[in-house]
Amino acid sequence: MRIEEANIVASLPDLGVELQRGASLAELTSLGIGGTTDLLRIKKHESISGLLGLLDSNGVPHRFLGGGSNLLVDDGELPWVVLQLAQPNPDIVLDGNVAHVDAAADLGRTVTYCAKHDLGGMDGLIGVPGTVGGALRMNAGAYGMQIGSYVREVKLYRAAACQIEILKGEQISFEYRHTSFAPDDMMLAVKLELPSKPYKEILQGIRICNEKRRSSQPLGQKSAGCIFKNPPGASAGRMIDELGLKGLSVGDARVSDRHANFFVNAGKASAKDMLALVAGIRERVHRAFHVELEHEVVIWNA
Ligand SMILES: Cc1cc2nc3c(=O)[nH]c(=O)nc-3n(C[C@H](O)[C@H](O)[C@H](O)COP(=O)(O)OP(=O)(O)OC[C@H]3O[C@@H](n4cnc5c(N)ncnc54)[C@H](O)[C@@H]3O)c2cc1C
């Protein structure tokens, strides 16, 4: 979608919003799949209300993009514009055991920055790509931990109330790759309360997690991490593996040979290819195990 309305374009500089025409979502997502649309980069949290008001009153739909590491985006010209927070400097400020982190901050850098200041707890998140905002929305987690456990407060834009609000950690429900935020809430910043731990000890935990990832995941290939959530008490990857489906392909979309719940773009996969592969595998797992796998990857259909 291209923003044609002159009143929107003229207001962007005052709002501190940068317009990138015809951005390629294939270049902005870890799967390397997706069509084109206008991208709006927001430099000031305070302008979000004005920007969304302007888009809504002109009938321009939008989606929020973090680091693009959990997205499968449709092909072609997309029927919505994409909003993304620009990274402020600094994006992490420490105050005792509390880290004040902007939603645009890189998650991995946040984990290592806090670790270097003897703040632990998040070792498992090392190697999870994307932003802190995306991690909050998804309640990213690995190796028995999840980001939600450390959230003291979230600053977010509530579209329903048209204002910025602060939610306490206990007001938010963080479940397995699911949170109680409304679909149109935009995460802006978070206060994480982290346990004190010597850097050397945290580093050991980080090294162990890195090694586990390296030995089990197709890290050099384009993917969005796990495609499906694990059903209660089971492993989606194991079910797919047991059916002998590793390596199954539709075009260049392929079930990883290394980890059956990672689907990779082995070349020039289209969204159509990847969606067909995802639907096909889901169907075969259902037939064999009578389990309806739920998507972990967020699908942006046009
Ligand atoms: C190699 C690899 C390994 C991975 N391993 C893990 C893992 O171990 N555990 C895990 O949990 N995930 C994993 N993932 C998935 C992914 O990295 C996480 O889900 C990550 O937290 C997504 O963050 P993002 O910024 O990239 O979000 P995006 O992919 O950009 O967006 C994901 C969703 O969050 C929303 N969103 C993003 N930013 C905001 C915001 N500021 N406000 C409101 N909504 C927002 C988007 O609209 C979208 O719905 C992995 C991915 C890859 C590629």
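This structure is a prediction, so every number in the text was calculated from the model and none was measured. We number each residue from 1, following the sequence as shown. Each ligand, and each atom within it, is numbered from 1 in the order the structure gives.
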When you measure from the side chain of Arg152 to the backbone of Leu194, do you find a donor-acceptor pair of N or O atoms at a distance under 3.5 Å?
no
Strictly distance-based, threshold 3.5 Å: is any side-chain N or O of Asp102 a donor or acceptor partner for the main-chain N or O of Ala189?
no
Output block, N or O contacts of ligand 1, threshold 3.5 Å exclusive:
| residue | atom | partner | partner atom | Å |
| --- | --- | --- | --- | --- |
| ligand 1 | 5 (N) | Arg213 | NH1 | 3.3 |
| ligand 1 | 8 (O) | Arg213 | NH1 | 3.3 |
| ligand 1 | 8 (O) | Arg213 | NH2 | 2.9 |
| ligand 1 | 9 (N) | Gly141 | O | 2.7 |
| ligand 1 | 11 (O) | Gly141 | N | 3.1 |
| ligand 1 | 11 (O) | Gly141 | O | 3.4 |
| ligand 1 | 11 (O) | Arg177 | NE | 3.1 |
| ligand 1 | 17 (O) | Ser69 | OG | 2.8 |
| ligand 1 | 17 (O) | Pro129 | O | 3.0 |
| ligand 1 | 21 (O) | Ala135 | N | 3.4 |
| ligand 1 | 25 (O) | Gly67 | N | 2.7 |
| ligand 1 | 25 (O) | Thr131 | N | 2.8 |
| ligand 1 | 25 (O) | Thr131 | OG1 | 2.6 |
| ligand 1 | 26 (O) | Gly67 | N | 3.3 |
| ligand 1 | 26 (O) | Gly68 | N | 3.1 |
| ligand 1 | 26 (O) | Ser69 | N | 2.8 |
| ligand 1 | 26 (O) | Ser69 | OG | 2.7 |
| ligand 1 | 29 (O) | Ser69 | N | 3.1 |
| ligand 1 | 29 (O) | Asn70 | N | 2.8 |
| ligand 1 | 30 (O) | Gly66 | N | 2.8 |
| ligand 1 | 30 (O) | Gly67 | N | 3.3 |
| ligand 1 | 30 (O) | Gly68 | N | 2.8 |
| ligand 1 | 41 (N) | Met187 | O | 3.1 |
| ligand 1 | 42 (N) | Met187 | N | 2.8 |
| ligand 1 | 44 (N) | Arg137 | NE | 3.4 |
| ligand 1 | 47 (O) | Phe64 | O | 2.6 |

Give a yes or no on whether Trp300 and Val297 share a hydrophobic cluster (residues Ile, Leu, Val, Met, Phe, Trp, Tyr; joining criterion: side-chain heavy atoms under 4.5 Å apart).
no
Using a strict threshold of under 4.0 Å (side-chain N to carboxylate O), is an ion pair present between Asp91 and Arg109?
yes
Taking the six-membered ring for Trp, are His178 and Tyr176 ring centroids under 6.0 Å apart?
no
In terms of side-chain heavy atoms, does Gln163 have a donor or acceptor partner in Ser49 at a distance below 3.5 Å?
no
